[in-house]
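Nothing here was measured: the structure is a model prediction, and the numbers come from that model.
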Amino acid sequence: MNIWKLIANEGFNNAYLTDSSGIQRFDPVSDFKEINDCPCTRFLKIDLTDKGFPDIMNYWGMNGTSIVNSKVKKLMQEYYGELAIQFLPCICNQFKEHEIELWLLNVCEYHDVLDLNNSICKKTHTLQGEEVIRSVKKYAFKKEAFNLDIFKIYLGGSKHTTCLFISDRFKKIMEENNVTGLALEKVYSL
């Protein structure tokens, strides 16, 4: 059994967030900690590659998120509809006439499954002298993590938005449905 981390897929299209006039901007991290009750439509610019449009696309500027098409959205709703997962609507400024439906995947399934005693973490101290975890160099997970298919973690008590983890089961579902563009890094095995 494995835990995988979603990573950028090199060579595939990258989607960039823009404002309505096409100026690149970034989403605040806080947008990805909770389900957004009134999500605004996001405007995207897509850097095209010769590989065409994958089903899952890199979302530049925010790790732990990606752009998905209607095929992936439907699969995730079918298999994971009960989870705290949201699809934020997107419009690609370059391809409005092609009616390509794209969604920003917002996973808000946070679980306290990181085994801090066996993980290697980069730590720092706050101005008050409190030790906090900044990042994880090597992941170790509690057994409960293997019961989850798609999730994010708590890191030192805070919601860690920048890493999205998936199970072998999730990976298999995507592979069986010929989903393109999914890039993963194995981060832990039992």
(message) Just verifying a value: how many Å separate Glu185 CD and Lys5 NZ, rounded to the nearest 0.5 Å?
(response) 5.0 Å
(request) Determine, stepwise, if the pair Asn58 / Ser66 fulfils side-chain contact (heavy atoms from CB on, under 4.5 Å). (result) CA-CA 5 Å; Asn58 301 329; Ser66 60; over 6 Å; no
(message) Do Ser70 and Glu101 pair up side chain to side chain, a donor and an acceptor below 3.5 Å, judged on atom types alone?
(response) yes
(message) Using the ring-ring contact (aromatic ring centres under 6.0 Å, His included) criterion, which residues pair with Tyr79? Sequence neighbours excluded.
(response) none
(message) Show, in sequence, the C-alpha distance, side-chain angles and deciding distance for Leu164 and Thr65, and conclude whether the side-chain contact (heavy atoms from CB on, under 4.5 Å) test is met.
(response) CA-CA 7 Å; Leu164 180 59; Thr65 61; over 6 Å; no
(message) Measuring from atom SG of Cys163 to atom CD1 of Ile7, what distance do you get when rounded to the nearest 0.5 angstrom?
(response) 11.0 Å
(message) Checking Glu176 now: which residues fulfil salt bridge (charged side-chain N to carboxylate O under 4.0 Å, His left out) with it, not counting sequence neighbours?
(response) Lys172
(message) Assess the residue pair Leu182 and Leu184 against the criterion (side-chain contact (heavy atoms from CB on, under 4.5 Å)); give the C-alpha distance rounded to whole Å, side-chain angles, the decisive distance to 0.1 Å, and a yes or no.
(response) CA-CA 7 Å; Leu182 181 64; Leu184 303 170; 3.9 Å; yes
(message) Please list all pairs meeting salt bridge (Lys or Arg N to Asp or Glu O under 4.0 Å) that have one or both residues in residues 68-90, counting only residues at least two apart or in different chains.
(response) Asp55-Lys71
(request) Scan residues 143-165 for pairs that pass salt bridge (Lys or Arg N to Asp or Glu O under 4.0 Å), counting only residues two or more places apart or in two chains. (result) Glu34-Lys159, Asp149-Arg169
(message) Could you list the cluster mates of Ile120? Members are the ILVMFWY residues connected by side-chain heavy atoms closer than 4.5 Å, either directly or through other members.
(response) none
(message) Using a 3.5 Å distance criterion without hydrogens, assess whether the side chain of Ser119 forms a donor-acceptor pair with backbone atoms of Ala140.
(response) yes
(request) Mark yes or no for whether Asp115, through its side chain, and Asn117, through its backbone, hold a donor-acceptor pair below 3.5 Å. (result) yes
(request) Sequence neighbours left out, what passes side-chain contact (heavy atoms from CB on, under 4.5 Å) with Ser158? Give chain and number order. (result) none
(message) Are Val68 and Leu83 connected into the same hydrophobic cluster when the rule is that any two of I, L, V, M, F, W, Y join if their side-chain heavy atoms are below 4.5 Å apart?
(response) yes
(request) Report yes or no: does Asn106 contribute a side-chain atom to a donor-acceptor pair with the main-chain N or O of Phe87 at less than 3.5 Å? (result) no
(request) Could I get the full list of side-chain contact (heavy atoms from CB on, under 4.5 Å) partners for Leu127, not counting sequence neighbours? (result) none
(message) Has Glu109 got a side-chain atom pairing as donor or acceptor with Ala84's backbone, closer than 3.5 angstrom?
(response) yes
(request) Using the test salt bridge (charged side-chain N to carboxylate O under 4.0 Å, His left out), find all partners of Glu130 that sit at least two apart in sequence or belong to another chain. (result) none
(message) Can you list, by chain and residue number, the hydrophobic cluster partners of Val136 when the side-chain cut-off is 4.5 Å?
(response) Met1, Ile3, Val113, Leu114, Leu116, Ile133, Tyr139, Phe141, Phe146, Leu148, Phe151, Ile153, Leu155, Phe165, Val187, Tyr188, Leu190
(message) Tell me every residue that passes salt bridge (charged side-chain N to carboxylate O under 4.0 Å, His left out) with Asp112, counting only those two or more places apart in sequence or in another chain.
(response) Lys142
(request) Check side chain to side chain donor-acceptor pair (under 3.5 Å) between Asn2 and all other residues, then give those that pass, not counting sequence neighbours. (result) Asp168, Ser189
(request) Check the pair Val107, Ile85 against side-chain contact (heavy atoms from CB on, under 4.5 Å), reporting the backbone distance first and the verdict last. (result) CA-CA 4 Å; Val107 176; Ile85 297 174; 4.3 Å; yes
(request) Identify, with sequence neighbours excluded, every residue that meets salt bridge (charged side-chain N to carboxylate O under 4.0 Å, His left out) alongside Lys138. (result) none
